[in-house]
Amino acid sequence: MRTVHFGLSSTFSIIPSAPFNFDGTFHKPSHCPAPLEAWERGKYWQALRVGEKIYGLRIVNRGSRAKPRLGVSVFGRGKIGKKERDAIARELEWRFDLASDLREFDRLARRDGGLRPVFRRWRGTRDSSALGLYELLVVSILLQNATVRRTVQMMNALLERFGTRVSFDSKTLFAMWLPAAIHDVGEDELRKLRIGYRARFLKRVSDDFSRGVIDERSLRTLDENMARRELMKLYGVGPETARILLYPACHRATLLTHIAPWQQKIYSRLFYARRRVPARKIQGDLNRRYGRFATLAVNYVWEDLFWRREREPIPWLEREIRL
DNA sequence: CATCAGGGCCCTG
DNA sequence: CAGGGCCCTGAT
């Protein structure tokens, strides 16, 4: 594993569409904790790959919900040109959905009696993904049949072996490897990192990405059903992993199509204040209530719960998620 | 100590 | 379409 040290290369601003919620957009407490990003109130850091190149990024909130503005500092080796800067800005706009139009969802959320406080608290929050498609796919594969603790172990083992440690602005974060880096590594060598049968998935998927079998760019233009179908063609991607990848892949909210048993238990508490409601009923009810924004609505309520968990222990939740 | 299920997927029959 | 197998870990 190599370490790179970056200095300040460039700064610029991005104006997201209003309303915008900085912390809700840049910090997702329900996500699997990995040393790929860092957050504190109003500030966010990550190592970002654009093509082959790695940059260190610091993003600072310099606006408000109604008049949003982001201060972006790019860390790298030497100066960067306007073209490079624009490419970074465009990638950030995509990943964090900075230009998204949330007006219709806002109207819908305001009509929701019981959950209005939640929607109001997070108003302007984007569903977003700090990671690129391949990177997120790696995380999703490691989540399969594993607790979060174990996923983190596997992730760290892989990052130590294949990742790049990026040191900038007094932070040290990892950038993930490129798919091609796994190409020449044997499956048994991956297994030594204790990722088990997932080694086969990781290898096949890395090969597919490095050979360009899947095109992240064109996936971004597809509607949700086409995108889901494309994702499920990938080896190791079934209904649950496709659900996780769908938003990052094409940035469309959609109807709920799949509720896993552990999610069912949590949704039962959140939406019905009961222990266990049949998954089919939950899916039907939420789809009727929020229509094509169902996944986004669930996302707000879900993240709100995990924000609460960061402040105070939630015993019933701890039992369900077994960290 | 041993056994087993787990935030899923692929493959086989 | 149902069900076995896959790795490893932690719970029992």
Side-chain angles (χ1 to χ4, degrees), chain A residues 28-34 36 127 129 131 133-162 182 185-209 213-214 227-249 256-271 275-280 282-283 286 294-295 298-299 301-307 309-310 314-323:
Chain A
K28 303 290 184 184
S30 86
H31 286 190
C32 181
L36 295 165
D127 195 351
S129 169
L131 305 182
L133 187 59
Y134 171 75
E135 298 166 328
L136 199 62
L137 187 48
V138 170
V139 177
S140 317
I141 287 174
L142 300 186
L143 281 165
Q144 293 172 12
N145 237 21
T147 59
V148 170
R149 185 202 299 275
R150 179 148 152 59
T151 300
V152 170
Q153 267 172 25
M154 294 189 276
M155 189 73 243
N156 284 333
L158 285 166
L159 285 173
E160 291 286 346
R161 177 79 167 67
F162 302 110
I182 303 285
V185 183
E187 193 182 311
D188 41 330
E189 211 181 325
L190 290 175
R191 276 174 187 261
K192 287 197 191 109
L193 299 173
R194 299 179 174 285
I195 66 171
Y197 64 90
R198 299 169 195 81
R200 197 175 68 241
F201 291 6
L202 181 61
K203 188 118 184 67
R204 282 253 316 240
V205 156
S206 299
D207 288 353
D208 283 352
F209 267 78
V213 168
I214 184 145
R228 184 184 286 114
R229 216 175 312 162
E230 285 301 308
L231 290 168
M232 289 192 40
K233 284 185 192 162
L234 286 167
Y235 191 80
V237 176
E240 174 61 9
T241 306
R243 184 195 64 78
I244 296 171
L245 294 176
L246 189 66
Y247 194 82
L256 301 174
T257 56
H258 178 250
I259 299 180
W262 67 281
Q263 294 156 356
Q264 175 199 355
K265 293 179 208 157
I266 297 178
Y267 293 174
S268 299
R269 301 263 190 175
L270 288 178
F271 294 104
R275 268 211 146 72
R276 194 186 272 264
V277 177
R280 292 189 57 112
I282 300 177
Q283 188 169 319
L286 292 176
T295 51
V298 167
N299 196 276
V301 179
W302 185 266
E303 291 297 341
D304 182 67
L305 175 69
F306 281 83
W307 274 97
R309 177 171 172 270
E310 283 192 343
I314 306 177
W316 67 263
L317 182 62
E318 302 306 319
R319 278 198 304 279
E320 302 303 353
I321 57 181
R322 303 173 338 238
L323 292 175

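Sequence lines set the chain letters: A, B, ... in the order given, protein chains first and strands last, and positions in each chain run from 1. Basis for what follows: all heavy atoms, side chains included, without hydrogens, waters or symmetry-related copies.
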Exercise. To the nearest Å, give me how far apart CD (Q144(A)) and P (dG6(B)) are.
Key: 16 Å
Quiz item: Do the side chain of K203(A) and the main chain of I182(A) share a donor and acceptor less than 3.5 angstrom apart?
Solution: yes
Self-check item: Nearest-angstrom distance, P atom, dC7(C) to dC1(B)
Solution: 25 Å
Exercise. Whole angstrom is fine here: how far is it from NE2 in H258(A) over to C1' in dG8(B)?
Key: 9 Å
Quiz item: How close or far is atom C1' of dC8(C) from atom CZ of R200(A), stated in whole angstroms?
Solution: 16 Å
Quiz item: Hey, is the side chain of Y235(A) poking within less than 4.0 Å of OP1 or OP2 on dG8(B), counting only N and O atoms?
Solution: no
Exercise. Could you tell me whether E230(A) and K233(A) have a side-chain N and a carboxylate O separated by less than 4.0 Å?
Key: yes
Quiz item: CG of D208(A) versus P of dC10(B): gap in Å, rounded?
Solution: 12 Å
Exercise. Take the protein atom CZ of R150(A) and the nucleotide atom P of dA11(C), then report the distance between them rounded to whole Å.
Key: 14 Å
Exercise. Go through dC6(C), dT9(C), dC11(B) for me and flag the one nearest to the R194(A) side chain.
Key: dT9(C)
Quiz prompt | Nearest to side-chain heavy atoms of F201(A), which nucleotide of dC11(B), dC7(C), dC10(B) | solution = dC10(B)
Quiz item: Base, sugar-phosphate, or nothing: which does T151(A) touch, judged by heavy atoms less than 4.0 Å apart?
Solution: nothing
Exercise. Quickly work out the M155(A) CE to dT9(C) P distance and round it to whole Å.
Key: 17 Å
Quiz item: Just by modelled atom types, is the N145(A) backbone N or O under 3.5 Å from a matching donor or acceptor in the R198(A) side chain?
Solution: yes
Quiz item: So, is T241(A) near the phosphate of dC9(B), with a side-chain N or O under 4.0 Å from OP1 or OP2?
Solution: yes
Practice problem: With DNA chain B as reference, determine whether G236(A) or Q263(A) sits nearer its 5' end, using the nearest nucleotide of each. | Solution: Q263(A)
Quiz prompt | Closest to side chain of N145(A), choosing from dG10(C), dC11(B), dC6(C) | solution = dC6(C)
Self-check item: Atom CZ of R191(A): over 12 foreign heavy atoms under 6.0 Å
Solution: yes
Quiz item: With a 4.0 Å cut-off on heavy atoms, is L234(A) in touch with a base, just the backbone sugar-phosphate, or nothing at all?
Solution: sugar-phosphate
Exercise. Round to a whole Å and report the spacing from CG of L143(A) to P of dC8(C).
Key: 18 Å
Exercise. Heavy atoms only: give me the nearest V152(A)-P33(A) pair and the separation to one decimal.
Key: CG2-O, 3.2 Å
Exercise. Using whole Å, report how far CD of E240(A) lies from P of dC9(B).
Key: 7 Å
